[in-house]
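To start, the structure itself, in structure tokens.
Chain A is the first sequence line, chain B the second, and so forth, proteins listed ahead of strands; every chain is numbered from 1.
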Amino acid sequence: MEAVYTRTNTLNGNLLGFCPGCMHGTAFKLIGEVLEELGIDNKASCILAIGCCGLAQEVLSYDLATAPHGRAAAAATGLKRSNPDTLVFTYQGDGDLASIGLAETIHAANRGENISVIFINNGIYGMTGGQMAPTTLIGMKATTAPGGRDPKIHGYPLHIAEIINQLTAPVYIERVSCNNPANVRKTKNAIKKAFQNQLDGKGYSFVEIVTSCPTNWGLSPEKSLKFLEENMMKEFPLGVLRDK
Amino acid sequence: MSDKVFMKGCEAIAEAAVRAGCRFYAGYPITPQNEIPEYMSRRLPQVGGVFVQGESEIASVNMVYGAGAGGTRSMTSSSSVGISLKSEGISYCAGAMVPMVYANMQRGGPGVGTIQASQQDYFQATKASGNGGFKMIVLAPATVQEAVDMTYQAFDLAERDRNPVLILGDGVIGTIMEPVVLPPMKSDEEVAALKQANRKWAIVGHSRDEKRGFLSPGYWSTVMQEEHCIQLDKMYHGWEENDVQVEELYLDNAELVFVAYGTTARIAKSALELLRAEGHKVGMIRPKTVSPFPVKSFDKINYDVCKCVLDIEMSIPAQMLYDVKLAVKERGAVDTCLRSGGNLIERGDIVRKAQEILSGGVK
């Protein structure tokens with residue numbers, strides 16, 4: 001029988017350790033499919049962040065290194081500048097990219113590094129157990145904000161895509177989600193565009209994927225999707241912010 | 001072919017790195033090592049290399065982590081308080097086995113300290129350069145020539161071991177000007193071959209029928225992490241046998257033995273010459289690698305006649321003292337001669353202390 005759909009060769013078949021309802025698996029699948037479709041999985045290197053995404057290190061079949069917490073964009077800078085023929089992308093969560101790594105994030109974008117940054121924003125720290133993130137919504141409970149995020153104490157959710165959109169150098173900024181098949185397709189296209197930009201030598205591309213964290217949100221996968229659509233996507237509206 | 005030139009320490013280190021095949025440097029301004037990034041910013045582009053001024057020491061060391069992970073000979077540098085910021089990235093290099101070379105032109109501390117020369121980072125350099133209990137080969141030059149030679153060698157050692165190597169200088173080594181013979185410039189072909197040899201482990205993009213480049217500073221499996229630590233420990237022990245570099249002077253029947261490294265060793269040597277001219281039997285151990293520490297040199301001391309082993313450092317509290325004591329193994333007396341805060345030890349300080357000891361004034 002003809003196989004009309006198979007798992008991407010960029011996943012080696014090892015068990016993914018992500019929780020039910022988590023969208024990391026979808027994101028890595030899409031990245032892998034794009035790498036294969038562009039024929040560049042043999043020249044790709046991922047700079048993986050610290051956090052839940054680290055669980056992917058045993059399942060990806062392409063080259064990767066794990067960077068210190070928040071430093072992926074700096075490591076990607078060094079790698080890409082010294083190996084311009086390698087397709088270099090970072091894969092980072094919100095704690096990594098938007099909190100501890102904000103300086104590295106902004107400066108790599110501002111230098112217009114020819115890299116692709118994949119930002120997974122689920123508004124919470126996953127691996128460490130549900131602490132407040134820079135992107136945690138107002139009123140959303142976290143283990144370090146048990147009464148919910150209070151703007152008087154914690155400030156407001158950081159909108160990283162919009163912050164990067166203030167800079168001159170980046171060429172492509174889009175916020176997407178994986179909440180339904182249509183948006184999954186849009187996410188795949190965004191990743192493809194980010195990688196193609198790099199192959200074309202255009203410069204810095206930023207793809208923010210707004211996702212859920214059922215485990216640390218304390219919601220079922222189904223209710224998480226609803227929360228994602230009704231709350232997260234309201235705070236972080238989807239769309240292309242820049243496409244030069 | 002070699003050529004003799006008159007160069008400042010920092011610039012000589014940078015040139016030696018370029019000649020050794022370093023093609024990536026990232027750094028952040030801090031005194032007294034600014035001449036390294038400044039030199040690299042104009043020199044590296046001439047040889048097809050890359051210079052990046054990072055937004056911080058943290059970013060800079062991680063750029064080096066990335067460049068090193070791609071198999072390029074890479075370097076960063078800083079001074080004391082800036083090295084503290086780099087310690088996370090240095091630990092990651094040690095954990096993920098990414099070769100890199102870095103220089104610490106030490107200044108006063110703790111905290112922001114002073115910008116003048118000190119040796120206040122000995123513990124940090126040799127004992128805990130980051131979390132996780134890793135070790136490094138730490139080269140401690142006493143002259144600009146030695147800084148050049150050690151920098152040149154450092155890249156080979158870093159690549160051999162896939163581990164960071166530290167050039168432990170200080171504000172004097174960094175800013176003094178001396179005549180040096182520069183090592184040969186590696187050709188573009190040699191540099192390319194060195195990088196190609198790293199391809200087997202580097203993250204440059206491997207095809208699916210090759211082994212992937214996988215640089216992990218940690219493991220999900222505790223068993224694998226332990227095995228990794230055991231393998232690293234074997235390497236560290238190997239250094240003790242094979243990689244110790246030391247200068248030993250007049251240890252036979254020495255009644256007093258100086259122990260000093262770097263700039264301090266130059267001053268101590270000057271004091272030694274003065275004392276020996278007066279007929280005193282003074283010897284000296286100068287660690288050129290402070291890690292691995294030249295423990296075996298201390299077995300050459302005749303403790304029946306040696307009144308004291310004098311640890312001389314620009315650090316208060318004394319730090320190398322503890323390695324000296326471990327090496328002496330309670331066979332003889334150990335004392336100290338110290339300055340701190342960016343103040344150089346004066347030859348007179350050492351001579352006075354030596355005379356005090358030799359005249360029997362010290363336990």
Walk me through it: do A/R81 and B/V52 pass the test side chain to side chain contact (heavy atoms under 4.5 Å, CB included)? CA-CA 9 Å; A/R81 293 272 194 118; B/V52 184; 3.5 Å; yes
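Proximity to chain B (any heavy atom under 4.5 Å) is restricted, for A/I47, to the side chain, taken from C-beta onward. In this structure, chain A has no heavy atom under 4.5 Å from any part of B/Y25. Residue contact with chain B, scored on non-hydrogen atoms closer than 4.5 Å, involves the backbone and the side chain of A/L55 alike. Within the 4.5 angstrom heavy-atom criterion, only side-chain atoms of A/I50, from C-beta onward, approach chain B. Both the backbone and the side chain of B/A59 come within contact range of chain A, with heavy atoms under 4.5 Å apart. Residue contact with chain A, scored on non-hydrogen atoms closer than 4.5 Å, involves the side chain of B/V50 exclusively. In this structure, chain B has a heavy atom under 4.5 Å from the backbone of A/A44, while its side chain stays farther away. Looking at B/S56, only its side chain comes within 4.5 Å of chain A, counting heavy atoms on both sides.
Other residues, nucleotides and ligands contribute at most 12 non-hydrogen atoms within 6.0 Å of the CZ atom of A/R185. At most 12 heavy atoms of other shown residues, nucleotides or ligands fall within 6.0 angstrom of atom NZ in B/K135.
Between B/G205 and A/S45, the shortest heavy-atom distance links the atoms N-OG, 3.6 Å. When all heavy atoms of B/E88 and A/R71 are compared, the pair lying nearest together is OE1-NE, 3.2 Å. When every heavy atom of B/R212 is checked against every heavy atom of A/L60, the shortest pair comes out as NH1-O, 2.6 Å. The two atoms that bring A/A103 and B/E55 nearest to each other are O-OE2, 3.6 Å, heavy atoms only. Contact between A/D63 and B/G213 at its shortest, heavy atoms only, is OD1-N, 2.8 Å. Heavy atoms only, all atoms of each residue included: B/R208 and A/N9 are closest at CD-O, 3.8 Å.
Between A/T86 and B/I203 there is no side-chain heavy-atom pair separated by less than 4.5 Å. Looking at heavy atoms from C-beta onward, A/N42 lies out of side-chain contact with B/E210 at the 4.5 angstrom threshold.
With hydrogens and angles ignored, the 3.5 Å screen pairs no side-chain donor or acceptor of B/W220 with any backbone N or O of A/Q57.
Considering OH of B/Y65 and OG1 of A/T66, their distance stands at 6.0 Å, rounded to 0.5 Å.
Across B/V64, B/T72, B/V61, the residue that shares the most heavy-atom pairs under 4.5 angstrom with chain A is B/T72.
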